[in-house]
Amino acid sequence: MIERLENPVFRQSSRQRMRGARTYGCLLAYLLVLGLVVIISYDQFVAHGVQRTTTGLAQTLFETLVATQWFLVAFITPALTTSAITMEREQRTYDLLIMTPLSRFTIVWGKFASAVAFIVVMILCGMPLVAVLFLMGGVDTGLMIALYLGMLATGVLLASYGLMMSAICATSTLANLLTYGSLAVGYFVGAVAGTAFTLSRVFGGGSFNILWLGSGLTPWQMWTFSVLALLLVSWLFLQVASNYLLADPRVGAWKTRALLAALYLLVLVATVLDAQATTRASASANYLGGVLAFMWVTVVPALFTGVPYQDRKWYEWLRPGSLRVGTVQSALPFMCLIVLMAIVADRFMPALLRTQPLVWVYVMGYFCWVWSLGCLLSFAIRNRWGALFALIGFLAVFVQLIYTVSMADFGKGRLQWLESLVNIALPVALWEASGKMDYRVWVVLYPLMTTASLLLTGWLRRVRKSAVTENS
Amino acid sequence: MALVETHHLTKQYGNLVAVNNLNLRLEEGDILGFIGPNGAGKTTTIRILATLLEPTSGTATIAGHDVVKEPEAVRRIIGYMPDFFGVYDDVKVWEYLDFFACAYRVPRSEREKLIDDVLALTDLSHKKNDYVEALSRGMKQRLCLAKTLLHNPQVLLLDEPASGLDPRARIEIKELLKELQNMGKTILISSHILPELADICNKIAIIERGELLISGEINTIMRQLTGSHVLEIKVADDEDAAVQVLQNQLEDIREVRVEDGVIRAHYVGPPGEHYRVVWALAEKRVKVLSFAEQPTDLEDIFMRVTQGAVQ
Ligand SMILES: Nc1ncnc2c1ncn2[C@@H]1O[C@H](COP(=O)(O)OP(=O)(O)OP(=O)(O)O)[C@@H](O)[C@H]1O
Ligand SMILES: [Mg+2]
């Protein structure tokens with residue numbers, strides 16, 4: 001039994017890591033930075049008299065230490081995994097590894113676990129410093145545990161993200177560039193969004209108040225949901241990584257979709273619990289429909305066009321087992337599943353926040369439209385990444401354009417009809433707008449637009465077929 | 001049952017046909033020499049058999065398992081040694097083998113002995129505790145072979161195992177292959193040149209630009225090559241009489257044809273004794289003007305390929 005759990009990849013990569021001189025250089029640098037930060041801030045705090053009591057000083061120093069450590073862990077962690085798989089390719093050890101009976105997930109898991117083990121080592125190496133501050137008093141044990149668990153969780157998330165990039169990219173250089181690049185953009189966007197959110201709260205504005213998720217949850221519930229969501233996302237990254245170890249990443253796509261559905265379920269449960277506990281007057285109807293649609297805008301393109309189109313007759317998709325074929329087309333049942341989950345979850349919402357049945361028709365219509373657009377694009381653009389970015393870009397520009405225009409005040413008050421156009425690609429404002437905006441139009445329009453996209457795809461297919469036969 | 005079988009196997013890279021309509025068959029215990037010049041498609045074929053590449057069309061099976069549909073089953077049966085491969089840094093020889101033994105689910109208690117066995121077989125026992133990257137090229141090659149043998153595969157796919165080795169090491173590899181042959185393994189081994197393989201293989205297949213030129217039992221092919229020559233005979237007149245003589249009076253002559261006044265006849269008798277044909281003709285007073293021996297197509301191909309001169 002224990003032998004079956006034995007993971008040679010874990011042992012191998014840990015051994016390699018602990019033998020490399022680079023690892024010790026890295027650890028040393030990390031400890032030096034930590035030590036320096038503590039010493040310098042101690043010096044500064046004492047010199048400027050920021051904190052007079054020893055406990056207060058220890059507390060401030062502890063916070064500084066944790067922040068620094070957190071930053072360093074976040075900075076170093078991706079580097080632990082970004083070359084995990086690309087190195088195998090570059091060193092030409094990949095084929096021999098992939099030929100073994102180890103499952104793809106075992107390989108990915110081994111690499112991941114080895115990185116996480118190193119993060120634990122890094123965190124533990126900083127512990128003597130914490131112990132000193134702890135002895136000075138003023139460090140709350142509960143807080144400390146929560147903070148370090150959070151740090152570990154950040155490490156887990158980033159390690160799995162780096163591993164996914166490593167599996168997708170062809171070279172280590174590219175993997176590093178993309179990982180750190182996207183993280184930098186992510187941190188920046190997150191910081192901007194966070195600031196905007198905070199400001200809008202401070203100045204009483206409600207425009208960023210889209211997701212009031214969390215205000216009705218206890219801190220413990222909040223913590224549990226965050227950790228669960230984080231683990232699910234990490235798992236998702238690892239799953240994508242192992243899909244990419246196959247010659248054809250489509251094979252494992254259905255597992256990625258199932259994980260996404262699980263993530264949705266988690267969000268739905270949290271939302272329902274939150275709504276049940278909240279007695280906010282500002283809350284509005286159609287809430288769940290809105291949340292679902294909002295999340296869909298961001299996640300769906302990746303889900304849909306991340307896998308290529310497959311030329312089959314439509315009725316062939318009705319066969320059992322076609323759900324496991326990871327193509328754009330087979331994404332539709334997963335979307336239906338998610339809507340179904342939302343409809344069920346809606347039964348548990350407080351009466352005030354229930355979604356009207358027609359809204360579900362509307363949401364479903366929207367999904368179908370984005371799906372058909374995904375089909376069209378991934379058929380037209382045969383490169384998977386091209387199709388993905390085309391769809392995301394299209395939706396983003398579309399939303400931005402219409403939103404900007406509709407928000408502009410042309411002196412005659414806001415253009416109501418334009419505002420309702422927002423709903424084409426972003427039904428976010430649904431719940432706050434259900435009173436004044438007429439989404440019923442879209443109940444009719446979306447199916448029409450879906451049909452148009454599908455017809456266009458069919459037309460393209462015929463054009464391509466005749467081009468092929470002419471060539472041969 | 002054929003252990004390795006390909007059926008109209010084809011692989012295309014864009015417009016380039018790397019392997020075209022290949023049919024191979026290896027029975028249990030066969031050692032097939034897979035010979036061809038650079039870019040012939042040897043590596044491509046072997047990688048398809050090793051489940052690392054999907055064919056464009058056609059099928060390949062290993063012990064009855066389709067390489068595309070049942071890659072897991074195939075991987076358990078085969079041991080694949082790539083033409084180029086790397087090794088991990090900072091890893092010792094026994095650790096390297098232990099890693100793969102564990103990956104192939106060899107029980108922990110048996111690993112130590114197994115590793116010693118394969119090291120002894122490949123003559124690397126004295127290097128057991130050395131770092132892998134410090135080994136010479138030939139030793140790495142042997143280490144890779146040792147790794148390939150860990151899970152006791154029935155079929156070995158070896159892609160140029162002897163390239164880059166010095167003559168002594170080549171002989172050692174050959175000895176090793178013979179030993180494996182005695183152990184009853186079925187082996188497919190690729191190479192640029194024939195002499196390297198001639199004395200260990202029982203079958204050969206020659207491939208050039210993706211096309212299989214010759215394949216079959218090495219003895220049959222060798223016999224055909226050494227035994228069959230085309231004789232070109234010109235006579236002054238009365239070709240029919242000459243053909244009569246060739247067809248009826250000589251046992252060692254097959255397939256007599258007349259083209260543009262030249263008689264072509266296949267001689268299958270003992271080599272170096274075709275003067276008997278002239279004697280027989282002279283006896284019947286056939287007016288022989290010229291008598292020449294032409295190389296066959298087969299021999300032509302063979303000469304080019306075995307000298308590594310095909311481009
Ligand atoms: N990944 C690839 N992409 C495009 N063409 C390829 C690829 N791999 C191989 N080829 C082409 O396929 C043909 C066959 O290559 P292959 O490596 O099978 O030859 P080989 O017989 O193993 O040659 P060598 O003796 O040099 O190892 C070559 O023309 C090569 O250029
Ligand atoms: Mg080759």
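What you see is a predicted model; the values in this text were computed from it and never measured. Here is the naming used below: chain letters follow the sequence lines, and residue numbers restart at 1 for every chain.
With a 4.5 Å cut-off on non-hydrogen atoms, A:Ile98 touches chain B through its backbone and its side chain both. Looking at B:Ala101, there are no atoms closer than 4.5 Å to chain A (heavy atoms on both sides), in backbone or side chain.
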Atom pairs and distances, donor-acceptor, side-chain atoms in residues 234-241 of chain A, under 3.5 Å, two or more places apart:
residue: A:Ser234; atom: OG; partner: A:Leu230; partner atom: O; Å: 3.0
residue: A:Gln239; atom: NE2; partner: A:Asn243; partner atom: OD1; Å: 3.0

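Here the two rings, on A:Tyr180 and A:Phe75, have centers that are under 6.0 Å apart. The six-membered or imidazole ring of B:Tyr104 lies away from that of B:Phe100, with a centre-to-centre distance of 6.0 Å or more.
Taking a cutoff of 4.0 Å between a charged side-chain nitrogen and a carboxylate oxygen, B:Lys11 and B:Glu54 do not qualify as a salt bridge.
More than 12 heavy atoms of other residues, nucleotides or ligands sit less than 6.0 Å from atom CD of B:Glu27.
The side-chain hydrogen bond (donor to acceptor under 3.5 Å, both in side chains) search around B:Asn15 returns none, not counting sequence neighbours.
At a heavy-atom separation below 4.5 angstrom, chain A is approached by B:Arg75, B:Arg76, B:Ile78, B:Tyr80, B:Pro82, B:Phe84, B:Phe85, B:Gly86, B:Val87, B:Tyr88 within residues 63-88 of chain B.
Here side chain to side chain donor-acceptor pair (under 3.5 Å) pairs that include residues 91-103 of chain A, with residues two or more places apart or in two chains, are A:Glu88-A:Thr93, A:Gln91-B:Asp89, A:Asp95-B:Arg47, A:Ser103-A:Thr106.
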